[in-house]
Number of protein chains: 2
Amino acid sequence: MKQFKRLAELYKSTLLDNVLPFWSKHSLDRQYGGYFTCLDRAGNVYDSDKFIWLQNRQVWTYSMFYNRLEKRSQWLDIARHGAEFLAKYGRDEEGNWYFALDRQGKPLVQPYNIFSDCFAAMAFSQYALASGDESAQEIALQAYNNVLRRQHNPKGKYNKAYPGTRSLKSLAIPMILANLSLEMDWLLGDSEFEAILERTVQEVMQDFRDLETGLMYENVTPEGEHLDCFDGRLINPGHGIEAMWFVMDIAHRRQDLDLINQAVDVVISTLEFGWDQEYQGIYYLMDAQGHPLQQLEWDQKLWWVHLETLVALLMGFNLTGRAECLEWFEQVHNYTWNHFSDSEYGEWFGYLNCRGELLLNLKGGKWKGCFHVPRALYLCWQQLENLDSSSE
Amino acid sequence: MKQFKRLAELYKSTLLDNVLPFWSKHSLDRQYGGYFTCLDRAGNVYDSDKFIWLQNRQVWTYSMFYNRLEKRSQWLDIARHGAEFLAKYGRDEEGNWYFALDRQGKPLVQPYNIFSDCFAAMAFSQYALASGDESAQEIALQAYNNVLRRQHNPKGKYNKAYPGTRSLKSLAIPMILANLSLEMDWLLGDSEFEAILERTVQEVMQDFRDLETGLMYENVTPEGEHLDCFDGRLINPGHGIEAMWFVMDIAHRRQDLDLINQAVDVVISTLEFGWDQEYQGIYYLMDAQGHPLQQLEWDQKLWWVHLETLVALLMGFNLTGRAECLEWFEQVHNYTWNHFSDSEYGEWFGYLNCRGELLLNLKGGKWKGCFHVPRALYLCWQQLENLDSSSE
C-alpha cells in the first residue's frame with residue numbers, strides 16, 4: 001500500500017510546509033494583536049475586521065498542533081498572539097462573545113451567535129492545555145457554560161422566529177455540543193462528558209437522520225419529524241458528512257461498529273445525493289425534494305465541504321474497511337486537490353462556482369480562516385499513516 | 001421611429017397577455033387567502049409560506065394597474081384577495097408588519113424589517129385609491145408612520161450592530177422614503193411631501209454618490225464619507241440604477257434638467273463599472289476596490305437589476321435624448337429578453353449564474369413575486385409610447 005504512504009506524505013508536507021507557513025507569515029497583526037483573516041491569493045490583507053469565529057479557530061489550530069504534533073514555540077507564540085487579543089476584547093460585560101471586532105478590538109457586531117462562544121471554548125481549552133495558563137481555563141469554562149445556557153435559544157433576543165408557529169431544531173446545536181465536549185473532556189467531569197455525547201449521538205442519528213433517504217436533514221421538528229418548508233427541506237451535504245465523522249469518532253471510543261457503519265452509510269448516501277454529476281464536486285446546499293432553494297449560492301463548491309468529506313471517508317475506511325469509502329475518497333481527493341489547492345501562492349482557495357472555476361480570489365475572508373484546511377490535512381494525514389502502518 | 005412603436009407593443013403585450021395572466025392564474029390561494037409566490041417554472045406551487053414583502057407588492061401591482069391602466073374588476077378582485085388576508089394577519093398588536101406568515105396567516109418571522117411596513121404602505125395606499133376603502137387608507141397611514149418612526153433604527157431590537165463603533169447609513173432608507181412619498185402624495189399634505197422629496201434627493205446625490213467614480217455606494221458614514229470595510233466598499237449596481245430613476249422621476253416634476261443629467265451620468269458610470277465584459281449582463285454586487293466580496297452570489301445575474309436598468313435608460317433617454325442611453329438600452333434589452341423571459345411557460349426567470357445560465361428553475365420565491373417584471377414592463381411601455389409619439 002505505497003499509495004497510503006505517498007498520500008500521507010502529501011497531506012503532511014502540505015500542512016507543515018505550505019498551509020501553516022502561509023498563516024504564520026501573513027495573518028499576524030503585529031500592531032494591534034489578533035489575526036488578519038481577509039487575505040487575498042498572495043496573502044495580502046484586503047480587510048482588517050476581526051471575526052470572532054475565525055480568531056478563535058486560529059488560536060485553536062495553533063494550540064492544537066502545539067499539543068498534539070510538536071512543541072514548537074513559534075506555534076504557541078502565534079496562539080498566544082490571538083488569545084491575548086481575544087481575552088482583552090472578545091467578550092461583552094456579561095462574558096458573551098461578540099461576533100466581530102474592528103482591527104483595534106472595538107466591538108462591531110453583538111453576541112448574537114452561539115458559535116462565537118463555542119469556538120471560544122474550544123480555542124481557550126486547547127490554549128490552556130498548551131500554555132498552562134489558568135485564566136485561559138476560566139475563559140474556556142465560561143464560554144462552555146454560555147453555550148449550555150444558550151443552547152435552547154441560541155440567538156437570544158436576536159431570534160426573529162415568531163414563537164410557536166413553526167418549531168424547528170437545527171443539526172448545528174447537537175453537533176457543537178458533541179464537538180465541544182470532545183474538545184473539553186480534560187476540563188469536564190467524566191459523567192457529564194459521557195452523558196452529553198450519548199444524548200448528542202442519539203439525537204443526531206434518530207432525529208436528524210432520515211431513514212428513507214439516508215440523509216441528514218439540517219432542520220427537523222423537536223420530535224424529529226420533517227416539515228415541508230424551505231428550512232425543513234434543507235440538506236447541507238458537507239455539514240451532514242462532517243457530523244458523521246464526529247459520530248464515528250465517538251462511536252470508535254465506544255467500539256460501536258454498528259454506529260460506525262450507520263455513519264458511513266449516511267456519508268455514502270449523501271455523496272450519491274450531493275455529487276454534481278455534470279461538473280463534479282459536492283453541492284453546497286440542496287432541497288430534499290428538488291425544489292428551488294432560497295440560498296443563491298446553493299450550487300457552489302466550497303473548500304470545507306470537500307475537506308470534511310475527505311476526513312469522513314478516510315475515517316470510515318480505517319474503521320470499517322468498506323470499499324466505497326476508498327473509491328469515493330479517490331474521487332473527492334482528485335477533485336479537491338485539482339481545484340482548491342494553490343501551488344503558486346500556497347494555502348487553498350475557498351469558493352468555486354458550480355463548474356469549479358474560481359469565484360473569489362482569496363485565501364481567507366469573513367468565514368474562511370486558519371481552520372478547516374489545516375485540521376483536515378492533519379486528520380487525513382493521521383488516518384493515512386494508520387492505514388499505511390496497518391497494511392504493512 | 002418604428003422601433004419604439006414595435007418595442008412599446010412588445011412590452012405592453014408581454015405585460016398584459018403573458019405576465020399578469022401568469023400571476024392571476026397561479027398565485028391566488030383560494031383556500032386561505034393571500035397569494036402563493038413560490039411558483040416553479042410552470043406556475044406550480046412548491047412552497048406555501050407567505051412573505052409580507054411579496055404579498056404587499058402584489059396588492060400594489062394589481063391596484064396600481066387598476067388605478068392607472070384600466071378599471072378591470074378582475075384586477076381589483078385580485079388586489080382585494082391579498083389586501084383582506086394582509087389586513088387580517090399581516091400585523092402584530094402594535095401595528096408593525098411581520099416579515100413572513102405561514103399559509104394560514106400565522107406569524108412566522110417577527111417584524112424586524114422596515115421594508116415590510118414600506119411595502120404595506122404602498123400597497124394599501126394604492127388599494128385604498130382603487131377600492132375607496134377607508135380602512136385601507138388607515139392601514140396605509142399607520143404603515144407610513146411606522147416607517148417614519150423606525151427610519152433611524154430600522155431593525156429595532158433585532159439590530160446586531162454594536163452602537164457607535166462603525167456608523168453607516170444605507171442607501172435603502174432615503175430610497176424607500178422617496179418611493180413612499182411619491183406613492184402616497186394623495187394621502188399626505190403637500191408641504192410634508194415636498195420636504196421629504198427634497199431631503200431625499202439631496203442625501204442620495206450628495207452623500208451616497210461618489211463624485212470620483214460616478215457610482216452610488218450602498219453604505220456611507222452619516223456625513224457621507226466612505227469607510228474601507230466590506231459594507232463600506234459595497235456597490236449594488238441594480239440598486240444604484242433603480243435609485244437614479246426615482247431621482248429622475250422627482251427631478252422631472254421639478255423640471256430640473258441638471259439633476260436629471262446627474263442621474264443619467266450615474267446610470268452610465270454604473271453600467272460601465274458593472275457590465276460583465278466576458279459573459280454579458282450586470283453583476284449583482286461588486287466591491288468598489290475590486291476586493292473579494294462577502295456575498296457569494298455577487299457575480300450572478302438577477303432579473304430585477306436588468307429590468308430596473310431598462311426603466312432608467314428609457315427614462316433617461318426620454319428626458320435628455322442622450323445617445324448613450326439608447327445604446328445601452330439596446331444592449332441591456334437584448335440580454336434581458338434573451339435570458340430572463342420564458343416563451344414556453346410565461347413570466348420571467350429570476351436568477352441566472354454568471355454565464356447567464358438558469359440558476360433556479362422558478363418564476364417566484366421568497367424574494368421574487370409579482371412586482372419588478374410587471375412594473376418595469378409597464379414603465380418601459382409608457383416611456384416607449386412617449387418616445388414613439390414625440391418622434392412622429
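Just so it is clear: chains get the letters A, B, ... in the order the sequence lines come, proteins before strands, and each one is counted from 1.
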Exercise for the section: Please check if the side chain of Gln300(B) supplies one atom and the backbone of Leu296(A) the other of a donor-acceptor pair under 3.5 Å. Expected result: yes
Fill in the blank from the handout: Bottom line for Glu357(B): the part with an atom under 4.5 Å from chain A's heavy atoms is side chain
Problem - Heavy-atom proximity to chain A below 4.5 Å, by part of Cys354(B) - result: neither
Exercise for the section: Decide side-chain contact (heavy atoms from CB on, under 4.5 Å) for His291(B) and Asp47(A); before the verdict, give the C-alpha distance in whole Å, the side-chain angles of both, and the deciding distance to 0.1 Å. Expected result: CA-CA 9 Å; His291(B) 294 315; Asp47(A) 195 279; over 6 Å; no
Atom group of [X] that falls short of 4.5 Å from chain B, counting heavy atoms:
X	answer
Tyr112(A)	side chain
Trp298(A)	side chain
Tyr46(A)	both
Asp299(A)	side chain
Asn159(A)	backbone

Handout entry: Distance, nearest 0.5 Å, that separates CD of Gln295(A) from CG of Leu360(B)
Key = 10.0 Å
Practice task
Let me see the working for Asp102(A) and Arg166(B) under side-chain contact (heavy atoms from CB on, under 4.5 Å), right down to the final yes or no.
Solution key: CA-CA 9 Å; Asp102(A) 73 1; Arg166(B) 180 177 290 164; 4.0 Å; yes
Pick whichever of [options] has the most heavy-atom pairs under 4.5 Å with chain A.
options	value
Phe99(B), Tyr351(B), Tyr98(B), Phe230(B)	Phe230(B)
Lys157(B), Lys106(B), Arg233(B), Gln289(B)	Arg233(B)
Lys155(B), Glu297(B), Gln110(B), Lys160(B)	Lys160(B)
Leu108(B), Asp92(B), Leu101(B)	Leu108(B)

